[in-house]
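Computed from heavy atoms alone, side chains included, the values below leave out hydrogens, waters and symmetry copies. Indexing begins at 1, ligand by ligand and atom by atom, following the structure's order.
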Amino acid sequence: MKLFRVDGGVHPEYRKERTSEHPIVLFPLPKILCLPLKQHAGAAAELVVSSGKRVKKGELLARAGGGVSAPIHAPTSGTVVDINDMTAPHPSGLTQKTIVLRPDRKDEWGELPPPIDDPFEVPPEEIDKRVAWAGIVGLGGAAFPSAIKLGLREKKLDILILNGAECEPYLTCDDRIMQEYAAEVVEGARIMAHSLGLWRIIVAIETNKPAAIAAMTKAAAPYQSITVAPIPVQYPMGSERHLTKAITGRETPAGKLTADVGVVVHNVGTARAVRDAVRFGRPLISRVITMSGGGLTKGMNIEVPLGTMIADLIDFCGGFTDGKSPYRLISGGPMMGQPLPSLDVPVVKGTGGILALTKAEINEQPSGPCIRCGACVGVCPCGLVPLEMAGFIRHDKFEEAEKAGVRDCVSCGSCSFICPSHIPLVQYFNYAKGRLTSADRDRRKQEHLKKLVEARLARMEKQRQAKAAAAAAAKAAKAAPAPTPTDEPKASA
Ligand code: SF4
Ligand code: SF4
């Protein structure tokens, strides 16, 4: 199939061989599971259980907390032993309200919605509802609620891209899912296409995953609507807008969605989760993650109940090499992942991998001054000028950075990777985006406050006018002459 050129990008060392040959293993139930209420983009889920409650596997623990949110279900049967603030798997180290579940080892399913034997016979809205109920979010890392993306039918869509690029170094969980669950992934993709009203599905897989390409090609063979597209190995090919460009040649304008150019992108793991939810009424309670890095005794791909503590996973992989803590512990890949504040944080829906990296793997160097070599400009897949944006941000000129396009930065880290002066450019951009978002929030709050004050003043003015009118009417009534006997109504005959 014809592919289109995508500018920019880099070629880091992929280091996938450490885990790519390891089949997915099931993680045994741990002693404790910790489930933060916010493990997705959007509002935190709202508790529906209290401490002491016994729950069954798949039972609702917290419902969606708004239009953009996702519910959370029990990964196994057991007792809710606590609900408290715990450290989130985020570099900030901030705490989040978390449900602590002690498994009872019976792993007993609760009541689930009925299976849908033929998903292609039910209306698309039923699929969306089931996916929303199941708490499925994008398992490629963004953790955006999938039901919302399936509800984009009002846009003029023509292609569903199934994202099997997995361009981040080290990570191989999507590769293994495609090799081991190809039929399930294909069925999930067909269900999603049905929900979106689409007939064309393209499975995009980087050419460094030949076994996954073969497995998906075989599983897709009976369906004319599905094409498996081997795509070049080029980081960050897995980003939605770059995949869209490579497959369709369409550019997604800044600030727009790929759906605005007719394309919806879903991750292969998400497709498998959608199939399980629709066909069998199973909520999202586990996910496959890659455990890797030179600091870990054994690299593995593991299907893990959500809420499993990272410390338990490290033990399962034989602990740290030589018993020493790694130089850096990362959730996700080395390019876009986030440093973990501690081992006492759980796996959440968006966790694609845990990397224990040695100093040699990080190759961290002290940063120097910009030598204006332009390398960062050449690799930016979004056509930005990183050195210019960084210059503005260094001087707190966030509005200038915004005008230069910092909001369009997809935080791929290619510029930081290539910079010969080792300037942590992507950190500047993440910081600036955070500042701009918080300024937006403040602005919205101010506008809301202004509207409230204006509404109150308008209400007070209305009350004042009503009072004045009533007083004037009373005064007029008082000033009017008393009725004379002739004004009395005549008695009827
Ligand atoms: S790559 Fe680094 S040194 Fe070169 S222009 Fe960009 S910021 Fe400056
Ligand atoms: S500016 Fe943003 S999008 Fe461009 S290379 Fe750097 S991190 Fe990637």
Side-chain donor-acceptor contact under 3.5 Å, D260 with T252: no
Are Q446 and D442 linked by a side-chain donor-acceptor pair shorter than 3.5 Å? no
Which count of protein N, O or S atoms is obtained for distances strictly below 2.8 Å from atom 4 (Fe) of ligand 2? 1
Quick check on contacts: which atoms of ligand 1 are under 4.0 angstrom from a heavy atom of S421? 3 (S)
Can you tell me if an N/O/S atom from C370 lies under 2.8 Å from atom 8 (Fe) of ligand 1? yes
How about C419: does one of its N, O or S atoms come closer than 2.8 Å to atom 2 (Fe) of ligand 1? yes
among protein heavy atoms, the one nearest atom 7 (S) of ligand 2 is G413 N, 3.3 Å
Hits for side chain to side chain donor-acceptor pair (under 3.5 Å) against E180, two or more places apart or cross-chain, chain-then-number order -> R176
Of all residues at least two apart in sequence or in a different chain, which pass the ring-ring contact (aromatic ring centres under 6.0 Å, His included) check with F316? F27
Just checking, any donor-acceptor pair under 3.5 angstrom between side chains of S239 and H242? yes
Write out the residue and atom name of the closest protein heavy atom to atom 4 (Fe) of ligand 1, then the distance separating them to 0.1 Å. C373 SG, 2.3 Å
How would you list all residue pairs meeting side chain to side chain donor-acceptor pair (under 3.5 Å) that involve residues 383-394, not counting sequence neighbours? R394-Y428
Distance filter under 4.0 Å to R372 heavy atoms, resulting ligand 1 atoms: 5 (S), 8 (Fe)
Between D174 and K209, is there a side-chain N and carboxylate O pair less than 4.0 Å apart? no
Is a donor from one side chain sitting under 3.5 angstrom from an acceptor on the other, for T172 and N301? yes
Distance-only polar pair, side chains of T358 and E361, donor-acceptor under 3.5 Å: yes
Quick note on ligand 1: atoms under 4.0 Å from a heavy atom of G374 include exactly 4 (Fe), 5 (S)
Check this for me, if you would: do E402 and R407 make a salt bridge, where the nitrogen-to-carboxylate-oxygen distance has to be below 4.0 angstrom? yes
What do you reckon, does I371 put a non-hydrogen atom under 4.0 Å from ligand 1? yes
